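Within every chain, numbering begins at 1; the chains are lettered A, B, ... in the order of the sequence lines, protein sequences first and strands thereafter. Please read these numbers as outputs of a predicted model, since none were measured by experiment.
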There are 2 protein chains.
Amino acid sequence: MTTPHEGADPDSPEGRGGAAAAIPAAPPGGGRGALDRRRVLGAAIAFIDQEGLNALTMRRLGAYLGVEAMALYRYVPGRENLLDGVVESVIDELYGDPDVHLSASHGWQDYLQRLAHGVRRIALAHPEVFPLVASRPPAAPWVRPPLRSLRWVESFLTALIDSGFTEEAAVAAYRAYSSFLLGHLLLEVSQKGVKISPEDQPEGVPATAAATDLSEYPTVVRLESLLSLDESAAEFEEALENLLERLEIVLAEGRTPRRGDRRR
Amino acid sequence: MTTPHEGADPDSPEGRGGAAAAIPAAPPGGGRGALDRRRVLGAAIAFIDQEGLNALTMRRLGAYLGVEAMALYRYVPGRENLLDGVVESVIDELYGDPDVHLSASHGWQDYLQRLAHGVRRIALAHPEVFPLVASRPPAAPWVRPPLRSLRWVESFLTALIDSGFTEEAAVAAYRAYSSFLLGHLLLEVSQKGVKISPEDQPEGVPATAAATDLSEYPTVVRLESLLSLDESAAEFEEALENLLERLEIVLAEGRTPRRGDRRR
DNA sequence: ACCTGAACACCGTTCAAGT
DNA sequence: ACCTGAACACCGTTCAAGT
């Protein structure tokens, strides 16, 4: 079926057994300028966006930058650190997003709305990168929901506390919000381009590998058209609004949202 | 700092440069009996639980089973398929869980409660495996939130439809439920053992690599004790109850939970 | 029928050497 | 100062060969 000796990456869309490698030329900046850490991380993100996470190797990233793999070690201590840097860079894109950066000038709900949509935009822009966010260990080990960028956490907490949340309520809100956000986006991204890329199966290979016996799942089959609808955007809005409503109640009651925890 | 030439897996806790490999001996069953696909998948899960996902290679799994790597290819078409099988096996553990298997005999809310807790138990039992669930492509491409096991989806949908949900409402509920469940558990698992294993840093290496400058994040620092509390269990219960309440309203109103979609 | 040896095309990473 | 060649210890996967 597949070409023999495809190496460690069965996900990459190589397929044809012609010339070696086929590294996509020229990094986005195009400039031949000196390498630095920022350029290496940027190239890694562009590479992952184009080729997928599994295709990223030190050697291929080097080739992508017109350099031998060993040269990268001057800017990045190793592959793991490269991936950490990629996650951090992607999340920090948020701070270049004018829609998000207005801070809490129109109230905390508006701020959380804009932040959530900003994160969603990033997740959809880099669907191959986003799963890394969930699997990398957090920057500060004791920040529980590991949203990676401490700038996020800091600005989130101050916005809510400045709006009248108690410290406990702000922390609880941070947990609920980040859990919803990462959870929803991880799922949304995992069902998007990640595997159903437009031009897969370039040869005449039949796409379905070994379709499991569907006759055991009559309801799933009957509701196929409903199940295959992509309502992610609407579901995101709805779940986000619901969350904000819950937080509003918490704020109004001036308590942390623990069950059975009336007043204080 | 670290031993040179540690190969492709900087996550594995090898460290000491003594005898080669140090594969944990003897698979759980202990039997020297014939290999088969089930035994291979079971060994893979046990291996990942002990050594972490990154440590799993075909060659090491072979050694773990007392066999050369090449022998595994008789039972598993390749590494990717192995990982798919691992995900499926772990999720299917649910059907051996007596607390879950009672089906909807005590109402749909009770069923969804038991299902959620069953999935949570599995996620916590296999924290190193669970992230795979989010990153593997779904079994049936058109089942949007990719909960992998079609048995799940089938039993979920029939339980709700039998309880009076419309087909649309059942599908919407499935999406909301699975999104919450995977999202929450992915986060919970990613902050647990996954990186803060008890006996790491066996040498005298200072644990904190390059602790980023915390002075820029005063609120995060001030609320450290609140942020580092692990309230996952309580948060899980609360979010789950909240979700079930929302679904109850949907059921009572006899409509799909779309915003602004009053009656029909 | 089931497993292995040897081989191939890759990996990440190091280090001395080149310019 | 920045990059490379060569080397080392690994990978996944194949296939003919052993038992």
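- At distances below 3.5 Å, at least one donor-acceptor pair connects side-chain atoms of A:Tyr95 with backbone N or O atoms of A:Trp152.
- The interatomic distance linking B:Leu82 (CG) with D:dC11 (P) rounds to 14 Å, in whole Å.
- Summarising the geometry, the separation between OH on B:Tyr73 and C1' on C:dA1 is reported as 20 Å, rounded to the nearest angstrom.
- Every residue was checked against the side chain to side chain donor-acceptor pair (under 3.5 Å) condition with A:Glu216, not counting sequence neighbours, and none meets it.
- As judged by a 4.0 angstrom heavy-atom cut-off over every strand, A:Arg74 is placed among the base-contacting residues.
- The phosphate of C:dC11 has OP1 or OP2 within less than 4.0 Å of a side-chain N or O from A:Arg60.
- For A:Val67, taking side-chain heavy atoms from C-beta onward, the closest of the listed nucleotides D:dC3, C:dC2, C:dG12 is D:dC3.
- Comparing C:dA7, D:dC3, C:dC3 by their closest approach to the side chain of B:Leu35 singles out C:dC3.
- With sequence neighbours left out, B:Arg74 forms a side chain to side chain donor-acceptor pair (under 3.5 Å) with no residue at all.
- Partners of A:Arg120 according to the salt bridge (Lys or Arg N to Asp or Glu O under 4.0 Å) rule, which considers only residues two or more places apart in sequence or in another chain, are A:Glu188.
- Paired runs in DNA chain D that reach 3 or more consecutive Watson-Crick or G-U pairs, where each pair keeps both distances under 3.5 Å, cover C:4-8 with D:12-16, C:12-16 with D:4-8.
- Here the side chain of B:Met70 is nearest to one of D:dC3, C:dG5, D:dT4, namely C:dG5.
- Within 4.0 Å (heavy atoms only), A:Met58 reaches sugar-phosphate atoms of the nucleic acid but no base atom.
- In this structure, A:Leu72 places its CG atom 14 Å from C1' of C:dC11, rounding to the nearest Å.
- Distance A:Arg79 CZ to C:dT14 P: 15 Å, rounded to the nearest Å.
- One can place CD of B:Glu68 at 5 Å from P of C:dT4, the figure rounded to the nearest angstrom.
- The salt bridge (Lys or Arg N to Asp or Glu O under 4.0 Å) test applied to A:Arg37 returns no partner, not counting sequence neighbours.
- Distance B:Leu65 CG to C:dC3 P: 10 Å, rounded to the nearest Å.
- In this structure, A:Asp36 has no salt bridge (Lys or Arg N to Asp or Glu O under 4.0 Å) partners at least two apart in sequence or on a different chain.
- We find that CG of A:Asn54 is positioned 16 Å from P of C:dC10, with the value rounded to whole Å.
- The interatomic distance linking B:Arg59 (CZ) with C:dT4 (P) rounds to 13 Å, in whole Å.
- Taking the side chain of A:Tyr75 as heavy atoms from C-beta on, and the options C:dT4, C:dA7, D:dC3, the nearest nucleotide is D:dC3.
- Remark: B:Arg175 does not engage A:Glu231 in a salt bridge, criterion side-chain N to carboxylate O under 4.0 Å.
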